[in-house]
Amino acid sequence: MSHPVSLYLFVGLGTCLATLLLVPLFRRLALRLDVVDRPGDERKVLRRVIPYLGGVPFYFCFLGVVLAIEFFFPQYSRPVYFPLCVGGTLVVLMGLYDDVADMSSFKKLLIELALGAVLFAWGVGTSTIAHPLGGTVHMGWLAIIVTPLWIAGVINAVNFSDGLDGLAAGLVFICAASLFAIAYKSEQVIACIFMAYLMGATLGFLPYNFNPASIFMGDAGALFLGFVLATTTMVEEQKGVAAIALVVPMIVLAVPIVDTALSFGRRLLRARRGQFFSPDRNHLHHRLLDLGLTQRQVVLSLYYVSLCMGMMAFILSVVPAQYGFLILVLAGMAIVFGVIVLRFVEGLSVTRAREAAARGENGRT
Amino acid sequence: MALLWLLVLVLFGLFCAVYWPAHRYQRWNAPAQFLARATYLHEAGRVEEAVASLEMGIHQHRPPYAEPYRKLHRWLEERGLPQEAADIVPFVLFYEALEAPPPERAGLMARAVSTCLGLYPMPAPDGNVPWYAEVAAAELARAFALQTPEQVLRWPEREQLALCLLSGGALARNGIIGGTGLRSPVNIIAVSAGGAERVARAHILLRGQDYASGRRGFDAALVNAESGQVFQLGNFDVYDSELEAARMARFLREAPVGCIGVFAVLDDASASMTEELEAELRAFGLAREANIDRRSAILGLRYSFAAIGVKGAREGAALQAWSPEAFQGRDGHPVVCGVLRAGQEPEETP
C-alpha cells in the first residue's frame, strides 16, 4: 500500500503556515480582551505579561484539515472525525473558560472523563491494544474504562507539561514525529495524517512560543493538543487498532506521562489535607529549574529525553518481538536511573545550599 | 469570555454547515454503504441497479449479518428470478441463526443446514472427509456458540459439510478447484478462524492429517497436483514483519507451476502484507476480492481467510473463503474452504 505523501505534506505544511499566520492575530485579540498570563503565582516562571489564546489556531486548523480531507481526499474520511470535532470543540471551550476564569482541576477531570466515555460510545476508541512484546490484547468491556482514562490522561499529560516556554509544543512535536514514523512504517494513513497535522501545528507555533515566548497556547491549546494526540492514535480502523493504539504512544509520551503519574502520586499524599486538586511546583520542569538550569536548558533536556523515548518506541515497533522485552527493560532502567540521578543531584544541591548558608552564618559570627 | 466562546461556536457552526453535506455525500458513495445505497435505489424503483449494488457490496464486504441477504432475496423475487432468490435462502437463514439468541440458534442453524442440503447436495463422504467435516464443523460450532462440539460431531457428515458451505461458501463438491479446471487428487479442507476473539485457529486438512502449524500468520501447504502429496509446508507471520512476507513470497515463487497451494490464516496475516506477496498469491489464482477503504485487497486485518489455488491459474480462479473480523459493528465468523473429490476412489487412510 502506498502512502499519500502529498496529502501528508499538504496537511503538515498547510497547518504550519496557517498557524504561523493565525497566531499573531490571536495574540492581538488576547491582548485586546486581556486574556493574559500575569506573573505572581509561585508556580509560574514567567516574569512578564504574556497573552494566551495561541492554541486556538490549532483548533481552527484541525477543522480545516477535516474539511480538506472530506472535499479533496474522501477516501481517508472516517465517520469518527465528526465526534472528534465535537469533542475538540468542547475541549477548546473548556480550555478557554479555564484561561479566562480558572476552572478547578476536579471539574476538568470529570468533564474529560465524561467526554472520553461519550466519545467511546460514539465510536472513538479501541478494544484492542498492541502488546509491546508482540501480538495484541483484547480489552473487551474494559475498553469503556480504558478509553476515557487514556483520553483524560494524555490531555492532562500535555497540559501539565505546558509550564515552560516551548515545552508542551516541542514535546507534542516530538511525540507526533515519532508516532508519524511508526504509523508510516506500518502503513497507517489516518494516524499519519493527524500526526502530520500535529507536527505542522506545533512547528508553526514554536517560533512564537520558544523561550522567550511572545504568546502561550493556554489551556485551550494544551488541552486540545492532548485531546488530538489521545484520540487520533485510536481512530485507525484497520491496522492502527492493533498496531499503535495506547502502548506505543505511552512510550513516546513517557516524559509527560511519568510527570503526570508522579504528580498524581504527590496529590494522593496531599489528599489527606484536602489538597488533591490543588497544583504544586514539583513538576519535572520545576525541579530541573530549581537545580539551576535555565528555561532553555530544561526545555532542551526534556526534548532530548522525549526524543530518545520516541526513538525507542520506533525501534520497538520494528524489531522482532523477542527483542522488545529487552528494549522495555532498558527503557524502564533508564527512567529509574534518571529519577535516581535527579534525586541525587537535588540532594547534592540542597546540601550545598545548607553548607553555604552555614558558612554565611559562621561568617557573620 | 462570551466573545471567545461565540467565536468558537460560530466557527464550529460554519464548519458543520459545510462539512455535513459533503460528509453525507461521501458516506453515500463509500463502498461500505452499499446497503443504504441499494435501499435508496430500490425505493426509487431502480430495482436492477439496487440488486447489482447489493450483490457487489456482498461480494466485496461479506457482511456477517442477515439484512443484506434478506433484501437481496426479496428483490430477486420481485425481479421475477425465483431460482436465484431461492439460492440465497440458506445464507439468509444462516445469518439469521447467528443473530438469534443462543438458545434458538441451534434450531435455526439446523433449518439453514437442511435448506442448504436441499439446494446444494453434498457428495457421499469418502476417505477422510468425515474426519475433515468433523474438525471443521466442530470449529464452526464452537465459534457460533451453536451447540457443544460433541453434539455437532453427532450430526451426519453431509450436514456438517453443509454448515461448512454456509460459512464462507467456497466448497467445491465436484473435485475441481474453482475455475482452475484442475481436479484435486485428494480431498482438502482449509479452515480459518482468523482473529475472531473466541477462536483463533486454522486447519489444513488433507491426506488424513492436519498440516496447520498452530502459529500466527499464513499457513501454506504445497501439494503435488498428481500424487496429492504435500511436498512443502510453511508458516509465515505476515502480521509481524515484512521480512516474513518476503519469505513467503520467495516460498511461493519457488513453487512449481501446476502445484496446488492451500492457505489458511490464524489470527492475522495482513498487517505486513506487501505488493510482492499479493502478486505471488495472485499467481495461485487468488483474487483481491475485499474492499478496504476503497482499495482492493486479498484480505484485511484479522480476517478469517482460507483458500485453495493452483500455481499459474488466472486471478480469481482459486477457491477463496473469507470473512471480515467485523463489519459495521457485527463480528465476522470462521470460514471453510474445501475441495471434495466427488465420485473418486477413496484415498488412503492414516
Side-chain angles (χ1 to χ4, degrees), chain A residues 1-2 26 29-30 32-33 35 52-53 56 59-60 62-64 66-67 69-71 73-79 81-82 85-86 88-90 92-93 95-97 99-101 123 127-128 134-136 138 140 185-190 220 236-243 318-321, chain B residues 1-9 11-33 195-198 200 216 237 239-244 267-268 270-275 278 290 292-297 300-303 324-326 328-329:
Chain A
M1 181 187 172
S2 58
F26 275 87
L29 181 70
R32 179 166 293 185
L33 298 175
V35 185
Y52 283 136
L53 303 188
V56 182
Y59 168 70
F60 287 7
F62 185 80
L63 296 185
V66 171
L67 274 185
I69 292 173
E70 207 59 50
F71 277 95
F73 303 94
Q75 65 271 40
Y76 303 116
S77 170
R78 295 288 182 277
Y81 292 174
F82 189 69
C85 292
V86 174
T89 306
L90 291 175
V92 169
L93 291 176
L96 285 173
Y97 182 85
D99 285 337
V100 176
S127 56
T128 312
T136 52
H138 291 279
K185 182 250 156 199
S186 44
E187 296 185 351
Q188 298 159 59
V189 175
I190 307 300
E236 190 76 46
E237 285 178 344
Q238 289 298 321
K239 296 175 181 182
V241 173
V318 292
V319 297
Chain B
M1 171 70 200
L3 183 73
L4 287 171
W5 272 40
L6 193 67
L7 177 71
V8 170
L9 289 173
L11 191 97
F12 185 65
L14 284 174
F15 165 79
C16 289
V18 180
Y19 174 82
W20 268 110
H23 183 65
R24 282 175 63 116
Y25 174 79
Q26 298 298 354
R27 292 250 318 147
W28 181 252
N29 283 293
Q33 295 303 318
E197 257 180 74
R198 291 186 297 275
R216 182 177 62 194
D237 190 356
Y239 170 83
D240 187 48
S241 81
E242 289 184 8
L243 292 175
E244 284 289 286
D267 193 2
D268 177 62
S270 80
S272 300
M273 175 66 78
T274 58
E275 295 275 349
E278 271 205 347
I292 301 162
D293 298 343
R294 292 185 163 90
R295 187 175 61 86
S296 295
L301 188 84
R302 298 171 66 79
Y303 277 25
E325 186 202 12
Q328 297 188 335

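Letters A, B, ... are given to chains in the order of the sequence lines, protein chains preceding strands, and every chain is numbered from 1.
- When all heavy atoms of B/Trp5 and A/Leu93 are compared, the closest pair comes out as NE1-O, 3.2 Å.
- Among A/Leu53, A/Asp99, A/Val92, A/Val56, the one residue that satisfies the side chain to side chain contact (heavy atoms under 4.5 Å, CB included) test with B/Leu4 is A/Leu53.
- Judged as a side-chain contact (heavy atoms from CB on, under 4.5 Å), and not counting sequence neighbours, the contacts of B/Leu3 are A/Leu33.
- For B/Glu278, no part lies under 4.5 angstrom from a heavy atom of chain A.
- With rounding to the nearest 0.5 Å, the separation of CZ in B/Phe15 from CZ in A/Phe82 is 7.0 Å.
- For A/Val35, the part sitting under 4.5 Å from any heavy atom of chain B is the side chain, from C-beta outward, and nothing else.
- Side-chain contact between A/Phe71 and B/Val18: present, with at least one pair of heavy atoms (C-beta onward) separated by less than 4.5 Å.
- Residue A/Thr89 holds its OG1 atom at 8.5 Å from CG of B/Leu11, rounded to the nearest 0.5 Å.
- A/Tyr59 touches chain B through its side chain: at least one heavy atom from C-beta onward sits under 4.5 Å away, while N, CA, C and O do not.
- The shortest heavy-atom contact between B/Glu242 and A/Lys185 is OE2-O, 4.5 Å.
- Counting heavy-atom neighbours within 6.0 Å of A/Phe73 CZ, excluding the residue itself, gives a total above 12.
- In this structure, the portion of A/Phe26 lying under 4.5 Å from any heavy atom of chain B is its side chain and not its backbone.
- Minimum heavy-atom separation, B/Tyr19 to A/Glu70: CE1-OE1, 3.3 Å.
- The residue among A/Leu96, A/Leu29, A/Leu63, A/Val66 with the most heavy atom pairs within less than 4.5 Å of chain B is A/Leu63.
- In plain terms, the two heavy atoms of B/Phe12 and A/Val86 that are nearest each other are CZ-CG2, 3.7 Å.
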